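Atom set for the values below is all heavy atoms of this structure, side chains included, hydrogens, waters and symmetry mates excluded. Computed from a predicted structure; not experimentally measured.
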Amino acid sequence: MGKSNSPPPAGHYNANYGNFETELYAQIRREAFGEDIGQNSWLTAEEQDRFLEWLDISPGKTLLDVACGAGGPALRIAARTGCSVVGVDVHEQAVTTASSLAARRGLAERAEFRSVDATEPLPFSDASFDAITCIDAINHFSDRLRVIAEWARLLKPGGHLLFTDPITLTGPLTNADIAVRSSAGVYLFVPHGYDECVITQCGLQLLVCEDATANMARVAEARRAARASRSVVLREIEGDQAFDSQQEFLAVAARVAREGRLARFVYVSKKLS
């Protein structure tokens with residue numbers, strides 16, 4: 001994609017999104033996350049339920065999910081709260097899958113998915129959304145101040161922004177750790193405290209900052225184990241190099257999280273005016 005702030009390359013995600021609806025990948029998600037809600041991050045259903053308590057969304061309100069992936073988490077929110085959702089993602093395969101899932105679940109009237117590069121200004125009017133989420137993807141946007149300012153523009157007064165930052169520096173990392181942990185495109189590593197400052201700079205009021213590192217470590221370990229038990233068939237689908245790279249990524253993600261060196265935080269903020 002060429003630009004220094006471009007999102008992760010599509011090749012890293014093609015296997016997951018291309019095979020997303022197969023029973024094999026659904027089984028892996030169930031083993032890794034406990035419940036398959038169509039996620040491709042560190043998000044669990046229990047965690048999302050806690051997030052919903054902070055978002056203040058209900059029928060008649062609209063949520064924007066940035067980097068929505070294959071749409072599963074956004075569709076679960078729409079089904080549970082009665083709100084409308086708009087999901088944007090740079091990967092066309094993910095958006096195609098999300099639109100298909102919405103139709104099959106009878107949510108097409110309240111769920112729209114678009115292929116959009118979220119590093120650029122988003123194609124929506126000011127104050128279009130009651131809530132905005134970005135789960136485990138803000139680290140792919142190198143100009144964080146501009147991105148959060150754009151989200152603030154899109155929020156209605158009183159609206160809530162919730163995002164998770166899964167690569168917050170909380171300890172020493174080697175160059176090898178960083179290379180593996182950032183092997184799928186652009187990754188912005190920031191020290192703890194940076195996100196809070198940017199939120200304030202963008203005119204938002206910080207409501208919640210919570211450490212969610214333990215969940216990331218557990219999910220990374222579980223995903224790696226679930227994939228390892230199916231290594232033969234996954235190697236046929238993904239190829240040896242892609243399979244081995246993802247296993248190494250998950251191993252390093254689990255280790256540096258477990259050791260408290262690279263953390264995941266959830267932030268909730270509110271637009272006051």
### Task
Keeping the roles fixed (side chain from Ser183, backbone from Val180), state whether a donor-acceptor pair exists under 3.5 Å.
yes

### More than 12 heavy atoms from other groups under 6.0 Å of CD on Gln241
no

### Query
Do we see a donor-acceptor contact under 3.5 Å between the side chains of Gln39 and Arg29?
no

### Task
State whether Arg153 and Glu150 are salt-bridged, where the test is any N-O pair (Lys NZ or Arg NE/NH1/NH2 against Asp/Glu carboxylate O) under 4.0 Å.
yes

### Message
Whether Arg146 engages the ring of Trp151 as a cation-pi pair (distance to the six-membered ring centre under 6.0 angstrom, angle to the ring normal within 45°) should be assessed.
### Response
no

### Task
Consider only side-chain heavy atoms of I, L, V, M, F, W and Y, link residues closer than 4.5 Å, and tell whether Phe141 and Val116 are in one cluster.
yes

### Task
Please confirm whether the backbone N or O of Ser58 pairs with a side-chain atom of Thr81, one donor and one acceptor, at under 3.5 Å?
no

### Query
Within the distance-only criterion (no hydrogens, no angle test), does the side chain of Ser128 pair as donor or acceptor with the backbone N or O of Ser125 below 3.5 angstrom?
yes

### Query
Looking only at atom types and distance, does a side-chain atom of Lys271 sit under 3.5 Å from a main-chain N or O of Leu161, one as donor and one as acceptor?
no

### Query
Salt bridge check: are Arg76 and Asp49 linked by an N-O gap of less than 4.0 Å?
yes

### Task
Decide, yes or no, whether a salt bridge links Arg224 with Glu248 under the criterion of side-chain N to carboxylate O below 4.0 Å.
no

### Task
Say whether Val190 and Leu206 are linked into one hydrophobic cluster, either directly or through other cluster members, by side-chain heavy-atom distances under 4.5 angstrom.
yes

### Query
In chain order, what residues pass the side chain to side chain contact (heavy atoms under 4.5 Å, CB included) check against Arg110, with sequence neighbours excluded?
Ala78, Ser84, Leu107

### Query
Side chains of Ser100 and Arg104: is there a donor and an acceptor less than 3.5 Å apart?
yes

### Query
Would you call Tyr187 and Ile167 a side-chain contact if the rule is heavy atoms closer than 4.5 Å?
yes

### Task
Give a yes or no on whether Glu259 atom CD has more than 12 heavy-atom contacts from other residues, nucleotides or ligands under 6.0 Å away.
yes

### Message
Donor-acceptor check, side chain of Arg261 to backbone of Ala257, threshold 3.5 angstrom: yes or no?
### Response
no

### Query
Taking the six-membered ring for Trp, are Phe249 and Trp42 parallel (under 30°), tilted (30 to 60°) or perpendicular (over 60°)?
parallel

### Query
So, does Asp177 use its side chain to make a donor-acceptor pair with the main chain of Thr174 at under 3.5 Å?
yes

### Task
Say whether, by atom type as modelled, one donor and one acceptor occur between the side chain of His140 and the main chain of Val186 under 3.5 angstrom.
yes

### Message
Rounded to the nearest 0.5 Å, what separates atom CZ in Arg144 from atom SG in Cys202?
### Response
11.0 Å

#### Entry: From CA spacing to verdict: side-chain contact (heavy atoms from CB on, under 4.5 Å), Asp65, Val88
CA-CA 6 Å; Asp65 189 26; Val88 296; over 6 Å; no

### Task
Please assess Ile237 against Leu24 for the test side-chain contact (heavy atoms from CB on, under 4.5 Å), listing each intermediate value before the final yes or no.
CA-CA 11 Å; Ile237 294 170; Leu24 171 64; 3.6 Å; yes

### Query
Could Arg264 and Glu210 be called an ion pair, given the rule that one side-chain N must be under 4.0 Å from one carboxylate O?
no

### Query
Is Leu169 reachable from Val266 through a run of I, L, V, M, F, W or Y residues, each pair having side-chain heavy atoms under 4.5 Å apart?
no

### Query
Are Leu63 and Tyr267 linked, directly or through other ILVMFWY residues, by side chains that come within less than 4.5 angstrom of each other?
no

### Message
Testing the 3.5 Å rule here: is there a donor-acceptor pair between the side chains of Asp136 and Thr164?
### Response
yes

### Task
Treating Ile, Leu, Val, Met, Phe, Trp and Tyr as nodes and any side-chain heavy-atom pair under 4.5 angstrom as an edge, say whether Ile132 and Leu207 lie in one connected cluster.
no

### Task
Taking only Lys NZ, Arg NE, NH1 and NH2, and the carboxylate oxygens of Asp or Glu, determine whether Asp89 and Arg114 approach each other closer than 4.0 Å.
no

#### Entry: Audit row: Leu52, Ile77, side-chain contact (heavy atoms from CB on, under 4.5 Å) steps and yes/no
CA-CA 8 Å; Leu52 289 177; Ile77 291 174; 3.8 Å; yes

### Message
Keeping Ser231 on the side-chain end and Arg227 on the backbone end, is there a donor-acceptor pair under 3.5 Å?
### Response
no

### side-chain contact (heavy atoms from CB on, under 4.5 Å) between Arg258 and Glu221, intermediate numbers included
CA-CA 10 Å; Arg258 190 174 57 248; Glu221 290 171 344; 2.3 Å; yes

#### Entry: Parallel, tilted or perpendicular: rings of Phe124 and Phe129 (30°, 60°)
perpendicular

